[in-house]
Structure formats: structure tokens, C-alpha cells
Amino acid sequence: MAHDVRRDSPELPDFSLLKRLARDQLIYLLEQLPGKKDLFIEADLMSPLDRIANVSTLKQHEVDKLYKAENKPVISASDQLCFLIRPRIQTVRWICDVVNADKAAGKFRRYKIIFTPQKFYACDAVLEEQGIFGDVTTDEWAFYLLPLDDDIISLELPEFFRDNFLAGDQRWVRTAGSALHLLHSLYGPFSKIYGIGRCSKMAYESWRKQVEEGEQKPRQAEIGNVFLIDRDVDFVTPLCSQVVYEGLVDDIFKIKCGCVEFGPDVTSSDKSVKVMLNSQDKVFSEIRNEHFSNVFGFLSQKARNLQTAYDKRQGMDIKQIKAFVSEELKGLKQEHRLLSLHIGASESIMKKKTKQDFQELLKTEHCLLEGFEIRESISFIEEHINRQVSTIESLKLLCLLSVTENGLLPKDYRSLKAQFLQSYGVDHLLTFSNLRQLGLLVEQQPGETLTVMESKVGKLVNDRTAGKLTDAFSSLAKKGNFRALSRKLNLVPKSDEEYDLRVPRDMAYIFSGAYVPLSCRLVEQVLERDGWTGLEEITRLLNGHEFSVTGSNGADLKQKNNAQRIVLVMFLGGCTFSEISALRFLGREKGYKFIVVTTAITNSSRLMEALLD
Amino acid sequence: MAFITANWNPLGDAFYRKTELYEMRWNIRDGLKDSLVAAAPYGGPVALLREPHRRSPSSRPQLEIYSASGVAIASFPWKSGPVVHLGWSVSDELLCIQEDGTVLIYDLFGSFKRHFSMGQEVVQSQVLEAKVFHSPYGTGIAIVTGSSRFTLATNIEDLKLRRLPEVPGLQGKPASWVVLTQDRQTKVLLSIGPELYVLDNTSCTAVCPPDLSQAGSIVHMSVSFSYKYLAVFTDTGHLWTGSSNLQDKLSEVDTNQTEAPKQVVWCRRPKSQHPSVVLLWDRLLLVVGVCNDTIQFPIENQSVLVGEMDGVRIISSTTQELLQEVPLVCQDIFKIASMAPGALLLEAHREYEKSSQKADEYLREIKEQNVLGDAVHQCVEAAGHEYDTDIQKALMRAASFGKCFLTDFSPDHFVTTCRELRVLNAVRESSVGMPLTHTQFKQMTVQVLIDRLVYRQFYPLAIEICRYLKIPDYQGVSRVLKHWASCKVQQKDLSDEAIARAVCAKVGDSPGVSYSHIAAKAYECGRAELAIKLLDFEARSGEQVPLLLKMKRSQLALSKAVESGDTDLVYTVVTYLKNEMNRGDFFMTLRNQPVALSLYRQFCKLQEQETLKDLYNQDDDHQELANFHVRASYREQRLEGRLSHLQSAVDEYTKAKNDFAAKATEEEMRLLRFQRKMDDEKGAGLLGLSLQATMEALMSLGLHKQAEQLYKDFRVPDKRYWWLKLKSMAEKEEWEELEKFSKSKKSPIGYLAFVEVCMKNNNRYEAKKYISKVTPEQKVKAHLAVSDLEGAADAAIERRSESEMGAVLSRCSASDRLLIDKLNRARAATAAKK
């Protein structure tokens with residue numbers, strides 16, 4: 001279904017500049033080690049690198065062989081080794097082993113480590129500890145942002161979520177700040193910055209400091225507004241099963257760096273096919289934001305159109321056929337290929353998702369969101385666990401239950417956990433410990449006792465500690481607030497009306513009309529109110545840390561120029577394709593263009609996997 | 001002003017003049033006799049060491065430091081060893097070279113800064129003579145020792161000693177020697193009797209000045225300021241001058257003096273017409289031009305010559321004079337009966353002031369020659385070269401007057417000269433005492449001038465000059481303030497509070513002044529409290545950290561690092577603390593800083609597992625300790641090791657009051673033991689499986705009894721057990737067993753499950769058996785599961801459920817026309833009833 005795009009909709013800035021900058025810098029860094037060299041690339045950097053510089057570009061700059069950086073001894077005859085890695089201690093240690101092995105074997109080589117997007121002090125510390133600090137040269141490749149699509153930019157840092165929110169390790173915050181700074185210097189100056197969450201606030205501070213240190217050349221802003229949001233502000237949305245096409249594809253086939261691999265069951269041949277999923281794909285761009293129930297209808301319509309286009313051939317004279325072949329046929333063929341792929345994918349999805357289990361899973365999720373039939377949902381989850389349907393799915397349901405219900409009753413908490421451990425092994429004790437720490441799966445605390453205790457303790461200790469305690473308590477209490485939030489922000493539309501998924505009314509369509517994603521609702525509300533005024537209650541429920549700052553060029557804020565309607569939404573800790581679809585919908589409705597910047601694309605299974613131990 | 005040429009002395013066709021710069025403000029009883037004197041070029045300070053060789057311990061020689069105008073800056077008794085030579089470095093430091101080769105460095109105010117030695121062997125052989133020289137590389141020192149060896153250091157800031165090769169036939173010190181800088185190499189030129197030798201890094205070469213006719217012993221030598229020219233004085237009284245590379249000869253003059261002069265200094269200026277050499281004897285000052293002409297000045301007091309780039313300063317105990325060639329432009333203007341444009345313009349202005357119409361005549365004459373522009377330039381330039389402010393004014397006024405008659409004349413030259421003259425006059429002021437000429441000022445640049453003012457602590461003047469010359473804050477005012485603040489913190493008589501306040505008030509937030517820098521200075525002076533106060537003003541918390549660490553304020557450093565949000569900085573501090581503190585204190589410190597603690601934990605998780613355990617232990621974090629043990633148990637291969645880790649985990653969980661986890665862990669241990677037993681007995685390969693997987697495996701192996709035992713032992717919920725059995729039996733196609741099992745008691749999981757599982761294992765026949773037992777609510781589903789549309793339709797109609805009818809309908813294909821009709825009818829009927 002083609003949406004009527006508002007005619008005054010602003011143009012998106014051109015983000016291919018980011019790629020060019022990254023490529024030029026990488027080439028420069030490679031040239032710093034003249035002569036032939038072998039390049040070792042961190043496994044999860046392979047795909048992003050491929051989007052920046054392909055193999056032939058690397059070869060042009062005297063990269064001889066390419067290897068994946070694996071925890072194995074190196075078999076390379078080159079006397080120059082270059083490592084392109086994330087600043088991870090494990091990888092640095094492996095490099096230390098490689099160098100020390102060479103030393104022991106009396107082999108002399110030159111080594112260069114390129115850290116991306118930046119180097120951490122701990123890496124140097126390891127190099128020093130292993131005694132090879134003087135043997136290697138190090139560089140930083142400031143490759144912060146990878147544009148995945150016209151409106152999606154990723155930092156490709158999945159570990160951000162766990163490091164920051166679970167381990168409390170804030171080293172990536174500066175990375176986020178630098179990424180924002182890069183966008184600011186290329187597409188800014190920003191006139192308004194909103195945000196919510198502790199990490200967002202820190203990233204904002206880090207960015208502000210960098211702006212103060214550097215100098216900003218006055219330029220025409222291309223991006224006017226920025227909204228920063230922490231993933232832990234809204235855990236509900238990524239826990240829900242996705243039913244929008246792009247989200248479904250991600251849930252089932254796993255989209256990696258904007259690219260998906262369709263297996264034989266989709267391609268209906270014995271080969272797998274890698275497909276880039278972005279707005280260049282004409283078929284995909286029309287169905288990506290659609291609720292899955294509409295996709296088939298659309299695809300068959302498309303197939304018919306295609307056939308008509310092919311059929312035009314009949315009744316053409318030679319000249320026309322010639323023109324047809326040279327001009328249209330290629331496009332049609334391409335479209336044809338993509339169409340058959342997406343039809344294949346949809347069929348495969350249908351097979352998996354129209355099964356009873358999935359329908360019941362969705363029903364349970366919707367019940368949890370609405371807060372009805374909780375007992376039934378709990379027994380569904382119990383059965384889910386007992387039948388060992390899937391570890392990740394069980395965990396996800398448990399978390400959704402806990403988050404929406406303000407924690408589990410002590411009895412349920414124990415029994416569900418016990419059953420889970422019986423099903424999936426006792427090592428998940430650690431997983432539960434992680435989930436509890438994040439507040440994703442907790443025991444219900446009687447609310448009153450909390451506040452009483454808080455005020456009592458508060459009297460005993462000084463203000464500063466009291467503040468910390470309040471923080472701790474409120475983070476405990478925080479999970480309880482989903483119901484209240486849902487009521488206040490009207491997240492769950494009234495279910496008595498029929499929801500026509502073909503003509504979506506609101507952002508809830510991405511969850512079959514059952515739930516408006518909290519994160520996107522916040523963006524909508526704040527943009528509407530131009531700040532957090534009137535949302536005090538909400539921010540209190542969300543544990544505060546909200547801010548809204550008018551940027552340096554406040555003067556032309558009043559002007560409703562195009563840049564003002566381009567809004568950059570930065571998710572710290574990842575965002576889902578469903579949220580992106582919701583924002584696109586919101587943009588169409590309100591005449592905004594959203595650019596989503598995220599530390600990584602996530603979904604329920606990635607979120608859960610990140611918390612396994 | 002009419003007598004402006006009164007002190008001009010002709011030399012060849014040039015003129016030399018001797019101008020008085022200052023009446024010296026010092027009061028030296030014995031004059032400069034018996035003193036070591038060092039005066040720095042560019043109007044630098046003067047150091048005096050009285051009677052350096054008096055070795056009686058009771059009376060120590062006095063070291064005095066004066067400004068060029070003789071204002072006392074410092075004075076203190078010399079307590080170290082005998083001094084051979086004094087000299088000044090380019091940054092106004094006093095270098096005192098001792099007999100034993102030690103070089104002591106003092107600042108302008110006589111406070112000791114540092115020292116270094118010119119080599120170990122010098123201690124034995126002693127320094128006979130030393131020279132301080134300046135080159136593009138900085139300030140250098142050359143010495144000759146008692147063993148006739150030369151040692152050079154070309155830059156005292158980056159000390160590299162070079163011992164030069166031996167000079168054949170040299171005993172003691174040479175009669176005369178100089179240091180040359182040529183072709184980026186520093187060499188020594190020395191004379192033994194009539195012979196000259198060049199000594200460089202590797203060799204000693206005999207050389208000969210071209211055309212040195214009078215072969216006598218060479219007793220004195222001198223190189224020019226630029227190292228380009230050399231003057232040689234022989235004991236026959238002849239002065240030979242030529243290029244310092246000994247390629248060309250300029251002149252040779254007989255001075256008729258047989259005694260060796262005390263000092264020989266070149267006197268020339270850039271673009272000099274007639275350079276000359278100034279020779280100094282006790283009672284005579286002789287200027288010898290290369291044109292063979294000479295000028296003689298009698299000398300009353302003992303004097304010292306200071307070579308400058310554009311002249312020679314003559315310092316005596318009472319006065320200081322500048323001897324220089326009169327600049328060409330001044331000659332042009334002031335020469336008697338000069339008709340140069342500048343001279344005419346000056347005259348025109350003079351007449352104009354007198355309201356005489358002659359002014360017009362002069363002006364017309366200049367204009368006729370079309371040289372008014374030149375005239376103005378000449379006046380401006382000449383003003384720059386004059387010392388007397390009245391003459392400066394007269395010239396500038398004349399220039400300004402001439403300028404009025406010119407259109408299209410750029411005022412820049414006039415304006416800058418005006419400004420620079422104001423600055424120069426200010427620093428020449430006797431209280432400041434920097435007698436800089438305009439040429440020197442241009443060479444030294446205003447930045448260096450400001451530095452020098454700062455060294456002398458003329459802060460207000462320096463700031464005024466910065467502001468007046470509109471120097472950007474970064475290079476100007478801020479720099480001065482930084483020095484000022486660094487100096488201010490050393491004032492011992494003020495309280496910390498007062499100093500901090502004063503510094504903050506003055507410095508404010510001037511760009512480029514770092515409070516941490518000032519604080520570091522304060523700390524160097526031993527004022528830690530002040531340093532901390534100053535650090536508080538530092539806006540960038542990251543900048544505060546290194547100093548705080550140095551001051552051992554580790555807690556504060558850590559919290560500042562955390563505040564900065566720079567995790568690398570936090571980590572730096574953490575690593576530092578780890579090495580500095582004992583473990584207990586270190587952990588305690590971390591405990592108060594959650595951010596740092598999490599960072600360190602992350603690091604330990606990957607690098608130091610044991611430390612991690614200690615960390616948790618310290619915090620009595622039993623929960624994490626237990627988790628740690630659980631994690632460790634999975635890395636353990638042997639069952640015993642695993643069990644012992646799990647046992648520790650149980651203990652810790654119990655301490656953490658996490659009964660649930662403790663129990664779960666205990667059960668895991670029981671399960672592991674059971675699995676081991678089974679593996680040993682039956683070879684079942686169960687170790688490490690979850691309870692569910694274990695039961696599944698047991699069932700598939702047909703070990704139902706054991707599975708049942710687990711079910712009882714671990715209180716597995718009925719539902720789970722039923723599911724398990726159901727699935728396992730269906731998979732093994734034990735249909736009879738299954739039926740029996742289904743009848744053993746009422747199924748806790750209902751019977752729809754049976755239907756579905758049977759279907760999953762492709763047995764529709766068996767599936768149908770259970771449909772009758774399914775609850776009415778699930779009947780439709782059950783029928784649909786076995787694809788019995790009619791049954792489903794009947795059930796749905798019976799239940800009068802629209803939605804279920806719809807569900808059945810959606811499964812109907814076009815061929816099921818009858819059924820569809822039936823359903824539609826029923827649907828209509830139900831709808832009607834409502």
C-alpha cells in the first residue's frame with residue numbers, strides 16, 4: 001500500500017558522506033604501514049567494513065591477504081601484519097600471543113593495530129603487561145557511524161547494551177558522544193536536544209564538551225532536532241514479537257548489517273542468497289513497514305503489475321521491443337527476482353508464524369500488555385517452559401511478564417524460575433541474576449514498604465548517600481510503572497474496536513493494534529510539547545534523567561525551515577525495526593523525517609542473548 | 001638639536017657615534033676592577049662576581065645581578081666553588097661555570113635552578129677558561145681544561161657534551177680562542193704563537209688567515225655577532241680582519257699598540273657601510289674601521305664591552321654608552337647641509353612650526369623632485385633609530401606633516417613605528433632597564449620581549465604592551481598571566497586563601513591559562529593545599545587528575561576522573577592506585593566509586609579472575625561471589641572440581657540469603673552425582689544435561705524407572721512430566737503404552753496435547769482416539785488438528801461460537817461447499833438469536 005507522502009516532507013541529508021570519510025581515513029591509516037601487508041579483521045567488523053571499503057579497495061592499498069581475527073595462531077608469511085579490531089581486551093591479548101609467538105620463533109615482523117572506533121587505555125595496559133607495547137604501533141580509525149539505509153545509522157556496537165546497562169561500564173558513552181559530535185559537525189548545528197535516561201544524559205554531556213573544545217563553523221543546519229533515549233527506558237517494546245515485515249525478517253532470518261541471508265527454503269533452490277535490505281530494493285521498500293497480514297496481498301498485486309508490464313511486449317513492433325529490452329527489461333527482471341525472493345521469504349514466515357504456537361504467543365503478549373488474563377498467561381509461559389519450546393522465547397516471556405506486571409509474585413517468581421532451570425539447566429542462575437540486576441525479571445516488592453524504608457534510611461544517612469539510595473530504590477520500583485505509563489500515555493488502544501491494519505490509525509499498528517511502543521510515544525509527545533512540560537508524571541515514572549536543551553543557534557528556532565522537521569533519534573542500547581517503522585509512520589503523519597541512530601539494531605532474542613551468561 | 005652631530009666621529013666616509021644610555025644606578029665602590037662581569041646582549045642583565053679568586057673562607061665573594069641600567073635585582077654571597085666564567089643564556093638564566101666543570105644555573109633573581117657538569121675528567125684537570133656562546137641551537141658552553149682539551153655543549157637545554165680532539169703541541173690554554181658556528185657545526189678557532197688551528201668534532205687543522213703580513217704571535221681574536229667575521233690581534237700591534245672562514249681579508253691595520261687589548265669586539269650593523277672593530281685597553285678605546293681609519297676615545301673608568309648585533313655597549317661603573325655606526329638614514333637627514341628628502345622635510349616642518357612661509361618652499365622642493373613619499377619614510381625610519389625622545393618626536397611630526405600632502409599613502413609604517421617606539425621607550429626607562437635598539441627589537445620579536453619582561457616580573461608592563469600592541473590573548477595576556485600566577489603562588493608571606501583568590505580574580509577564565517598548570521607550580525613549591533584550591537577553578541576535570549595523582553590525593557583524583565566522564569582517565573587512575581596502594585585500601589577506594597569499580601570489574605573479568613573474587617570478598621557481596629563460583633564450575637572439567645565450586649556457591653548463596661539459588665545449586669549437585677552414577681552404570685552420557693534433558697535421555701533409553709525417580713526426587717511438576725512422557729512415547733511410537741498412560745489418571749495437561757503430539761508424529765489414527773476426551777472448549781481445535789473439518793464444524797455449531805465457526809470456515813476449501821453452507825447457516829442462526 002502506497003502511503004500518501006506529505007508533499008512538504010523534507011529531504012533527508014546525504015549520509016554517504018560518512019562512508020566516504022571513513023573510507024578515506026582507513027586508506028590513510030593503511031598507507032601508514034607502507035608495503036605489502038596481511039590484514040586481520042575482527043569477525044564482527046567484517047560486514048561493516050565491507051560496506052565501507054571492498055576487497056579491491058583494500059588490495060589497492062597493498063593489503064595482501066585478508067584474515068578473520070580468530071583466537072588461533074597466525075599462518076601468514078607476510079612480514080607486516082595489520083590488525084583491524086574493536087578495542088576489546090580478548091582480541092588485544094590474542095595479538096599479544098601472536099607477537100610473542102613470533103618473538104619466540106625469532107621471526108621479525110612489523111605489527112600495526114588499528115582500533116575502531118577508538119582505543120581504550122585498557123588495551124594499552126594489556127599490551128604493556130604482555131611486554132609488546134614497543135613492538136606494535138597503534139592507531140585509531142574513527143569509524144563511528146555506518147549508514148545502513150537512508151534513515152538508519154548504526155554504531156554497530158551490540159556490546160554497548162550489556163557493557164553499559166548491565167556491567168555499568170561507561171566507556172562507550174564517550175563513543176556515543178563522539179558519534180553525535182561527528183553528526184553535529186557534518187549536519188548540525190542542532191537547535192534542540194531532548195533526551196531521557198542516564199546514559200543519554202552522559203552522552204549529551206560528552207558531546208557538549210567536545211563541541212566546546214572544538215570549533216564549529218557556521219553552516220546551514222540539515223538536522224534540527226535530536227532526541228536521545230536509553231534502551232532501559234523502554235524494555236517492553238523490544239521484548240514484543242515483531243509483526244511488521246522488516247521486523248519479522250529480522251526475528252526469523254536475522255538481518256546483519258542491513259543484509260540478510262535467505263536460506264534454501266526461501267530461494268527454492270539449493271543455494272542461499274544474500275540480499276541487501278534497504279530503500280534501494282523497490283519491492284522491499286514498499287512492504288518493510290507493513291503489518292505482515294498485508295504483505296501477501298501487496299506482493300500478489302505487485303506480481304500482477306509485473307506481469308502486465310511484461311505483457312506489454314505482446315503487440316509491440318520491433319522498435320518498441322528494442323526499446324523495451326534496453327530500457328525496462330532489466331529493471332523488471334531485477335524487480336522480478338526481488339519479488340520472488342520476498343514472496344519466498346513471506347511463505348517461509350507464514351509457515352512458521354501462522355502456526356498455533358505463534359498465534360498463542362502473540363495472544364499472551366497482548367494479554368500481558370493489556371493486563372488481562374494474567375493467570376492464563378502465566379500458565380501459558382509455564383507450559384512454554386515445560387515443553388522447552390525455546391530458551392530465549394521463554395526468557396523473553398518471563399521478562400515481559402515481570403516488566404508489565406511490576407515484578408512477579410514471590411510464589412510465581414520461584415516456581416517459574418525453578419521450572420526454567422529444570423528445563424534449560426541450572427547455569428541460568430547467572431542469567432537470572434543478570435536479569436534481576438537490570439530489573440527485567442524481579443520479585444514483586446510491596447510498594448509501601450519501599451517508600452517507608454526509603455524515608456527511614458534517608459534520615460539516617462547524609463544527603464548524597466540518600467540520593468544514591470533513592471536512585472537504587474527507584475530503579476527497583478521502576479519496573480512497576482508500566483501500567484501507569486500505559487494508562488497515562490494511552491499505549492494500549494481500546495480493544496473493543498476493530499483495528500484495520502490496512503489503514504493504520506496510530507503507531508500501534510506495528511503490534512497489530514495492541515500497543516503503541518513507549519519509546520516512540522515519548523518521542524511524539526516531546527516533539528509535540530517541545531519539551532517535557534506536562535510530562536512530569538511520566539518522567540517520574542521513568543526514573544527521570546530527562547533533559548531538553550536549546551542549542552547554540554536558538555535564534556532561527558522559530559523558523560519552521562526544513563531542518564527543524566528532521567529529527568534525529570538516537571537509541572543508546574539498540575532499537576528494533578518495529579520502532580523504526582513506527583517512527584516512519586509518525587513522520588508521515590506529522591510531517592517529520594526521522595533519522596534513527598542506534599548503537600545496534602536489536603530485537604527480543606538479541607536482547608536476551610546479550611544477558612545470558 | 002642643532003648639535004645632533006656633535007658626537008659623530010667620522011670613520012672613513014661613515015660616522016660613528018657614542019650615545020649615553022644610562023647613568024648607572026648602581027653604586028659600586030671599587031668599580032669593575034677585579035670582578036667577573038657578564039652582560040647579556042639585547043639589553044640583557046649584568047652579573048658581577050666580586051673578587052672571585054679570593055679564597056679566604058671567612059669572606060665569600062658576592063654575586064650581584066643588575067638590570068642593564070644598574071638597578072639591583074639580586075645579591076647573594078657565593079658559597080660554591082671558585083668560578084671561572086659567568087654568562088647568560090637566551091632565556092635570561094645566569095650560568096656560573098666553576099673550576100671543577102660544574103655549571104650552576106640561577107634565574108634572574110638569584111635563585112638556584114639546576115646544575116650540570118662538563119664532564120668527569122674536568123674535576124681533575126680543572127677548567128682554565130670557559131666561554132658562553134649563542135647559536136641557532138640555543139645557548140652553548142665551551143671550556144678548555146688544564147690538560148689542554150676542549151669540551152663543547154651546544155645547547156644547555158639538551159645537554160650533549162662533545163670532547164674535541166687533542167691539539168698537537170698545546171700546553172695549558174691557547175693564547176686566544178673563539179667559538180665559531182659555521183655550516184651548522186660548532187668549531188673552536190685557537191692560536192698557538194703565530195699559528196691558527198680549527199678544531200672541529202673530528203680533527204684539528206692548521207689554518208692561515210690570508211695575507212696576514214706581519215707574522216707575530218696572535219694574542220687576541222674576536223668573531224662578529226653573526227659569526228661571519230673574524231678579527232685577529234697580533235703582538236706586533238697589528239689588527240687583521242677578514243671573513244671567519246678565512247677565505248677573504250678585509251683589512252690590516254697597525255694600531256701602534258703593543259700591549260694586548262683587554263677586549264676586542266666587532267661593531268657593525270646589518271647593511272653596515274663601514275664595519276669596525278672596537279679594542280679596549282685600560283685607558284683607551286680604539287675603533288678600527290676596515291677602511292684603516294681609527295677613532296680614539298680615552299677611558300676614565302674601567303669598562304666592559306658588550307657586543308650587540310648593531311653596535312657595542314660600553315658599561316663602566318658610572319655610565320653606559322652605545323657605540324654604533326650612525327645609520328645611513330640618520331646620516332642623510334642630519335648631516336650638515338644635507339639635501340636628502342628627509343632632511344628637507346624635517347626643515348620644512350621646523351619652518352612650519354615657526355609659521356614661516358619657508359616651509360612651503362622646502363615642501364615645494366621636495367614635491368618637485370617627487371620624493372615626498374621617500375622623505376616621509378626616511379623620517380619615520382630615522383625616528384626608529386634615535387634614542388632621544390625629542391628627536392623621535394620631531395622626526396615623527398615631520399613625517400606626519402609630510403603625510404598630509406600625500407594621497408594614497410599607506411599609514412602602516414608610520415603607525416607601527418609609533419607604537420613600537422612607545423614600547424621601546426617604555427622598556428628603555430631606567431627603572432626597567434632594557435636598552436633595546438629598534439633593530440634589536442625587530443630581531444628579537446615582541447613575543448620574546450614579553451617573555452623577558454615576564455622573567456623580570458614586569459607583569460603590568462607586559463600586559464599593557466600586549467594590550468597596546470593588540471597581541472591575541474593566547475600569545476599575549478594569557479601567557480603573562482600564566483607566568484604571573486606561577487610566580488604568585490610562590491609568595492610565602494600570603495595565605496593560601498588570599499593567593500587563590502588573587503589568582504582567580506586576575507586570571508578569571510582567560511583563554512589558554514590552565515589552572516592545573518598553576519596548581520602544579522604551587523605543588524612544586526610545597527603548597528599542596530593551595531594547589532587543591534587552585535585546581536577547583538579548573539573547569540576541565542580531566543586536567544586536574546594528573547596533578548592530583550602526583551599529590552597523592554588519589555581519592556580526589558578518582559572522583560575527578562569519574563566526573564570528567566572519560567573512562568580512560570578513570571582507568572589510568574585505577575591502574576595507578578592499584579600499584580600505589582595496598583590491596584585493602586585500593587578496594588575500599590573503589591567501593592566508593594561505582595563507575596570505577598564497574599570498570600575495574602570488567603577488566604578483571606577478562607584479565608584477573610582471582611582479583612575479582614577478592615573484590616567481591618571485600619564487599620561481602622555473597623551473591624556475586626556465588627555467581628563467580630557457578631561460573632567457575634562451568635570452566636572446570638573434573639566433576640569433583642565442579643562440585644566443590646558449586647558447594648562454595650551454595651555456601652555463598654546461603655550467606656546472601658538467596659535460598660532459592662542455594663537450593664537450585666544443591667539440586668544441581670545432586671543431579672550431577674546422579675548423572676555420574678548413571679553414566680558409570682549405563683554409559684548414558686548424561687553429565688551436564690539439564691534435569692529435563694536428563695529425563696528425556698533416560699526415557700529414550702527406556703530407563704523409565706530412573707526417570708520416574710528423578711520426577712519424584714526433584715519434585716518435577718506433573719505437567720512437565722506428562723509432557724515429557726507424552727512426547728517421548730509418541731516419538732518412540734509406543735502407542736499402546738501411551739494410551740495406557742493417558743488413562744492412568746486425569747491428564748494435567750489436558751488431552752488436546754495428546755492429539756497434537758500424535759499428529760506431530762503423523763499418527764492421525766491415534767490422535768483421533770483422544771478427541772473424545774478433549775474439553776468442549778478445545779474440541780474444535782482438536783478436530784481441526786486432525787483435519788476433521790466436519791467434526792470441527794459440528795463441534796463449533798454445537799457450541800454456537802461464531803469465532804470458532806469462522807476458524808473452521810477459514811480452513812475450508814472451495815470443494816467443501818456443503819460444509820460451508822452449513823456453517824454459514826449456523827452462523828446466521830446464532831447471529832439472529834443474539
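Quick note on labels: first sequence line is chain A, next is B, and so on, each numbered from 1.
Interface residue B:Thr575: only side-chain heavy atoms are found under 4.5 Å from chain A. Proximity to chain B (any heavy atom under 4.5 Å) is shown, for A:Val426, by both the backbone and the side chain. For A:Arg88, no part sits under 4.5 Å from any heavy atom of chain B, backbone or side chain. Both the backbone and the side chain of A:Ala122 come within contact range of chain B, judged by heavy atoms closer than 4.5 Å. Residue contact with chain B, scored on non-hydrogen atoms closer than 4.5 Å, involves the side chain of A:Arg174 exclusively. Heavy atoms closer than 4.5 Å to chain B are found in both the backbone and the side chain of A:Gln419.
B:Tyr653 has its ring centre no less than 6.0 Å from the ring centre of B:Phe660.
Donor-acceptor pairing under 3.5 Å is recorded for the side chains of B:Tyr711 and B:Asp718. With 3.5 Å as the limit, one finds no donor-acceptor pair spanning the side chains of B:Glu696 and B:Ser728.
Using a cutoff of 4.0 Å between basic side-chain nitrogens and carboxylate oxygens, A:Asp230 and A:Arg198 are not scored as salt-bridged.
Using a distance-only test at 3.5 Å, with no hydrogens or angles considered, no donor-acceptor pair links the side chain of A:Gln422 to the main chain of B:Val716.
If you tally non-hydrogen atom pairs under 4.5 Å between each of A:Ser423, A:Ala125, A:Gly168 and chain B, the highest count goes to A:Ser423.
A cation-pi contact, defined as under 6.0 Å to the ring centre and within 45° of the axis, links A:Lys417 to A:Phe432.
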